[in-house]
Number of protein chains: 2
Amino acid sequence: MGATKTDHFTESQNELAVLAKALGHPARIAIMEYLLKVDACICGDIVNELPLSQPTVSQHLKELKNAGLIKGNIEGNSICYCINEPGLEKIKGFFQHISDHLAKKRSECC
Amino acid sequence: MGATKTDHFTESQNELAVLAKALGHPARIAIMEYLLKVDACICGDIVNELPLSQPTVSQHLKELKNAGLIKGNIEGNSICYCINEPGLEKIKGFFQHISDHLAKKRSECC
DNA sequence: ATTTTATATCGTAATATTGCAATATAAATA
DNA sequence: TATTTATATTGCAATATTACGATATAAAAT
């Protein structure tokens, strides 16, 4: 065991889990916040922003990219990273949906 | 190594990561969706909804509870679970914030 | 052409997660 | 009180994640 039983869940559930999992690490939250803060794509510079080694940061960037939360374009010497909106909108939609639903049907119990 | 270096990140970053991580598994997405679907607290019944054993489901419920995404009240024989709004609003806010920010500052590059 | 700069990949140790059988707990019911 | 029902905990094997040193790659600058 140890492996997630993805087969038994819907594609949508697996997709949302992948997106959420990608953000399930403070370094990856920090990367997203940094990309947002600078208000543009960042070419270089990300490694210096984080308290982690270059290989570790590179790995975190790869995971965010695989999940579809950021994208990276080669820009000469360095790589230009920015937030990938479609991925972000997908997971945002999930929370929006839950929140909207809860707002309507409050006060059942608990 | 192997342990996350939480010390080097802000409390907010760690908090968001814990919330996201809790949803980083399809079974836990499925639990949230189920709680939402039935539109009320669920006393019993969750185990039968998932393709996993009772101990495994119990563990997933515990993780969602620890993260602050659901709450469970003992209701006689069984336990009543429902979504915990404050936790949900916190992570929803993160995505909302990013989305709003992106909407304003589009078209920089990439 | 060599060196520098920016990033990725490999290998590997430490730790965490996933899943379940077995077992424990505790209230409800017979 | 004994049994059933609902859920939690323990223990453990399989797998995944985290982190980083060493090394690779590839464009830019010297």
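Chain letters run A, B, ... following the sequence lines, proteins first, then strands; residues in each count from 1. Since the model is a prediction, treat every value here as computed from it, not as a measurement.
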Might you list the N or O atoms of the protein lying below 3.5 Å from N or O atoms in nucleotides 16-19 of chain D, with each pair's distance?
residue : atom : partner : partner atom : Å
D/dT17  : OP1  : A/Lys21 : NZ           : 3.3
D/dT18  : OP1  : A/Arg28 : NH2          : 3.4
D/dT18  : OP2  : A/Arg28 : NH1          : 3.1
D/dT18  : OP2  : A/Glu63 : OE1          : 3.2
D/dT18  : O4'  : B/Gly2  : O            : 3.3
D/dT18  : O2   : B/Gly2  : N            : 2.7
D/dA19  : OP1  : B/Lys5  : N            : 2.8
D/dA19  : OP2  : A/His25 : NE2          : 2.9
D/dA19  : OP2  : A/His60 : NE2          : 2.8

For atom CG of A/Asn66 and atom P of C/dT9, their distance in whole Å: 10 Å
Those residues that, when tested against A/Glu49, pass salt bridge (charged side-chain N to carboxylate O under 4.0 Å, His left out) (two or more places apart): none
Does a side-chain N or O of B/Lys62 approach OP1 or OP2 of D/dT7 to a distance below 4.0 Å, or not? no
So if I apply the side-chain hydrogen bond (donor to acceptor under 3.5 Å, both in side chains) rule between A/Asp100 and each of A/Lys104, A/Gln96, A/His97, which one comes out positive? A/Gln96
Where at least one partner belongs to residues 19-29 of chain B, residue pairs that pass salt bridge (Lys or Arg N to Asp or Glu O under 4.0 Å), sequence neighbours excluded: B/Arg28-B/Glu63
Quick one: side-chain contact (heavy atoms from CB on, under 4.5 Å) partners of B/Lys62, sequence neighbours excluded? B/Asn66
In whole Å, I'd like the distance from the OH atom of A/Tyr81 to the P atom of C/dA6. 14 Å
Across all chains, not counting sequence neighbours, the side-chain hydrogen bond (donor to acceptor under 3.5 Å, both in side chains) partners of A/Gln59 are none
In whole Å, what is the span from the CD1 atom of A/Ile70 to the P atom of C/dT7? 12 Å
Residue list, side-chain contact (heavy atoms from CB on, under 4.5 Å) with A/Thr4, at least two apart or on another chain: A/Thr6, B/His25, B/Pro26
Atom CG of B/Leu61 and atom C1' of C/dC20 are separated, to the nearest Å, by 16 Å
With A/Val18, which residues qualify under side-chain contact (heavy atoms from CB on, under 4.5 Å), at least two apart? A/Ala67
Could you tell me the separation between the CG atom of B/Leu50 and the C1' atom of C/dC20, rounded to a whole number of Å? 15 Å
Hits for side-chain contact (heavy atoms from CB on, under 4.5 Å) against B/Thr56, two or more places apart or cross-chain, chain-then-number order -> B/Leu52, B/Ser53, B/His60
If a protein heavy atom is under 4.0 Å from the base, mark B; if only from the sugar-phosphate, S; if neither, -; do that for nucleotides 22-30 of chain C going 5' to 3'. B----BS--
Mind calculating the distance between CG (A/Leu64) and P (C/dT7) to the nearest angstrom? 15 Å
